[in-house]
S.K.: 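Questions regarding the structure given below will be posed in turn.
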Amino acid sequence: MIEARHLRVLRAVASTGSFSAAGRELGCTQPAVSQQMKALESSVGTPLLVRTGREMRLTQAGEALVRHAAGIIAGLTAAEEEVAAIAGLRAGRVRLVSFPSGSSTLVPTALAALRAAHPGTRVSLEEAEPPNSVELLREGDCDVALAFRYEGAAGAEEWDDLVVRPLLTDRLVALVPEGHRLARTEGSLAIGELARESWIAGCPRCRGQLVEVCEGAGFSPRIDFATDDYPAVVGLVGAGLGVAVLPQLAVESVRPRGVRTVALEPAVRREIVALTLPDLAQVPAVAATLDELARAGARQSAAR
């Protein structure tokens, strides 16, 4: 195998005409130059230099290798500079996947701060709900995934193989129309008080969590409408077509009109995290993205 350091020595010998002069140019001894040339000739399996008096002359193979060496060394130098730029956060790319309410609340704040601090780092964003987003991460289709899991939920995801960066704890809240009998409730509302209501359900995971919480309170919700679109859920509630339970972050991602939010008891919470693979966590651009997402989560929590 040809090594770049051997090519650099060969070019120095070719340009100076001797091992001694090449050593002076490279800042090493004549024996070190001779040793590296022997190693290079051993690697390629043919002589590269012929001594003629006090000077060294290139063989045909040596001339061919010197001719290619310029491009090889230039390419390696460019690669080294690019890697150094990425390591120094002067460049880099991060592929981020987030669930919708995270995309409209946590992600914009985090990415704006990341761009201000490291303008050379580029971040792409796609949307996917967990567990799909987590699978995209494990399959190498993204670098960071925003995900969530409900406290105490049956079959909660195992993330032991991933780096887990907690962002915030999100509480479920009830949404009722402004004119609803429970709209002015002070403090918390027992979910059982909504047992006879028409329900508007959100995303499939939130829908499953809703059914589980309601059944734990002794009733099955009558779901008249189901939609993955949070503004649609809020709009349906505002129109008086039913009640809903959504994560607080989802409510904060839209402008709720004609609805009231009420805290629920018992409290149901979900943990929102940023996930990445252990090796990716060492990449400077990924680490910086995780840091900014954590700061965005802390700001979101402080604003509540």
S.K.: Is Arg299 atom CZ crowded by more than 12 heavy atoms from other residues, nucleotides or ligands, each under 6.0 Å away?
M.R.: yes
S.K.: Can you establish whether the number of heavy atoms outside Gln60 located under 6.0 Å from its atom CD is more than 12?
M.R.: no
S.K.: Charged N to carboxylate O below 4.0 Å: is that the case for Glu25 and Arg11?
M.R.: no
S.K.: Report yes if some heavy atom in the side chain of Val243 is under 4.5 Å from a heavy atom in the side chain of Val237; otherwise report no.
M.R.: no
S.K.: Considering non-hydrogen atoms only, spot the tightest contact between Ala174 and Leu264 and give its length.
M.R.: CB-CD2, 3.7 Å
S.K.: Please report the shortest heavy-atom distance between Ala201 and Val233, naming the atom on each side.
M.R.: O-CG2, 4.0 Å
S.K.: Is the shortest side-chain heavy-atom distance between Leu175 and Ile200 below 4.5 Å?
M.R.: no
S.K.: Looking at Asp143 and Arg93, does any basic side-chain N land under 4.0 Å from a carboxylate oxygen?
M.R.: no
S.K.: For Leu58 and Ala14, which heavy atoms make the closest approach, and how far apart are they?
M.R.: CD1-CB, 3.8 Å
S.K.: Do other residues, nucleotides or ligands put more than 12 heavy atoms under 6.0 Å from Arg181 CZ?
M.R.: yes
S.K.: Quick check for you: to the nearest 0.5 Å, what is the distance between Leu125 atom CG and Leu111 atom CG?
M.R.: 7.0 Å
S.K.: Can you tell if the side chain of Glu151 reaches within under 4.5 Å of the side chain of Val268, non-hydrogen atoms only?
M.R.: no
S.K.: State whether the number of non-hydrogen atoms from other residues, nucleotides or ligands found under 6.0 Å of Arg171 atom CZ is greater than 12.
M.R.: yes
S.K.: Applying salt bridge (charged side-chain N to carboxylate O under 4.0 Å, His left out), can you list everything that pairs with Arg8, at least two apart in sequence or on another chain?
M.R.: none
S.K.: Taking the basic N atoms (NZ, or NE/NH1/NH2) and the acidic carboxylate oxygens, is any pair closer than 4.0 Å for Glu135 and Arg138?
M.R.: yes
S.K.: Any side-chain heavy atom of Leu96 within less than 4.5 Å of one from Val107?
M.R.: yes
S.K.: Can you name the closest pair of heavy atoms from Pro130 and Phe99 and give their distance?
M.R.: CD-CB, 4.3 Å
S.K.: Tell me, with the steps shown, if Phe148 and Glu129 meet side chain to side chain contact (heavy atoms under 4.5 Å, CB included).
M.R.: CA-CA 9 Å; Phe148 60 84; Glu129 295 275 356; 3.5 Å; yes
S.K.: Would you verify whether the NZ or CZ of Arg207 falls within 45 degrees of the ring axis of Trp199 while also being under 6.0 Å from that six-membered ring's centre?
M.R.: no
S.K.: Go through the steps to decide whether Lys38 and Glu41 satisfy the test salt bridge (Lys or Arg N to Asp or Glu O under 4.0 Å), and finish with yes or no.
M.R.: CA-CA 5 Å; Lys38 288 180 181 178; Glu41 289 179 329; over 6 Å; no
S.K.: Does Val259 reach the side chain of His180, with side-chain heavy atoms less than 4.5 Å apart?
M.R.: no
S.K.: I'd like to check the side-chain contact (heavy atoms from CB on, under 4.5 Å) partners of Leu65; sequence neighbours left out, ordered by chain and number.
M.R.: Ile2, Leu7, Leu10, Leu40, Val44, Leu48
S.K.: Just checking Gln30: does its CD atom have more than 12 heavy atoms from other residues, nucleotides or ligands closer to it than 6.0 angstrom?
M.R.: yes
S.K.: Flag the pair Val251 / Tyr230 as yes when at least one side-chain heavy-atom distance between them is below 4.5 Å, and no otherwise.
M.R.: no
S.K.: Does a side-chain heavy-atom distance below 4.5 Å link Thr276 with Leu290?
M.R.: yes
S.K.: OG1 of Thr29 to CD of Gln35: how many Å apart, nearest 0.5 Å?
M.R.: 8.5 Å
S.K.: Does the side chain of Leu280 reach to within under 4.5 Å of the side chain of Val163, using non-hydrogen atoms?
M.R.: no
S.K.: Taking atom CG as the centre, does Asp279 end up with more than 12 heavy-atom neighbours from other residues, nucleotides or ligands that are less than 6.0 angstrom away?
M.R.: no
S.K.: If only side-chain N and O atoms count, and only distance matters, is there a donor-acceptor pair under 3.5 Å linking Glu252 with Thr105?
M.R.: no
S.K.: Side chains of Arg222 and Ser198: do they bring a donor and an acceptor to under 3.5 Å?
M.R.: yes
S.K.: Determine whether more than 12 heavy atoms belonging to other residues, nucleotides or ligands lie under 6.0 Å from atom CD of Glu215.
M.R.: yes
S.K.: What are the two closest heavy atoms between Leu293 and Ala110, and how far apart are they?
M.R.: CD2-CB, 3.6 Å
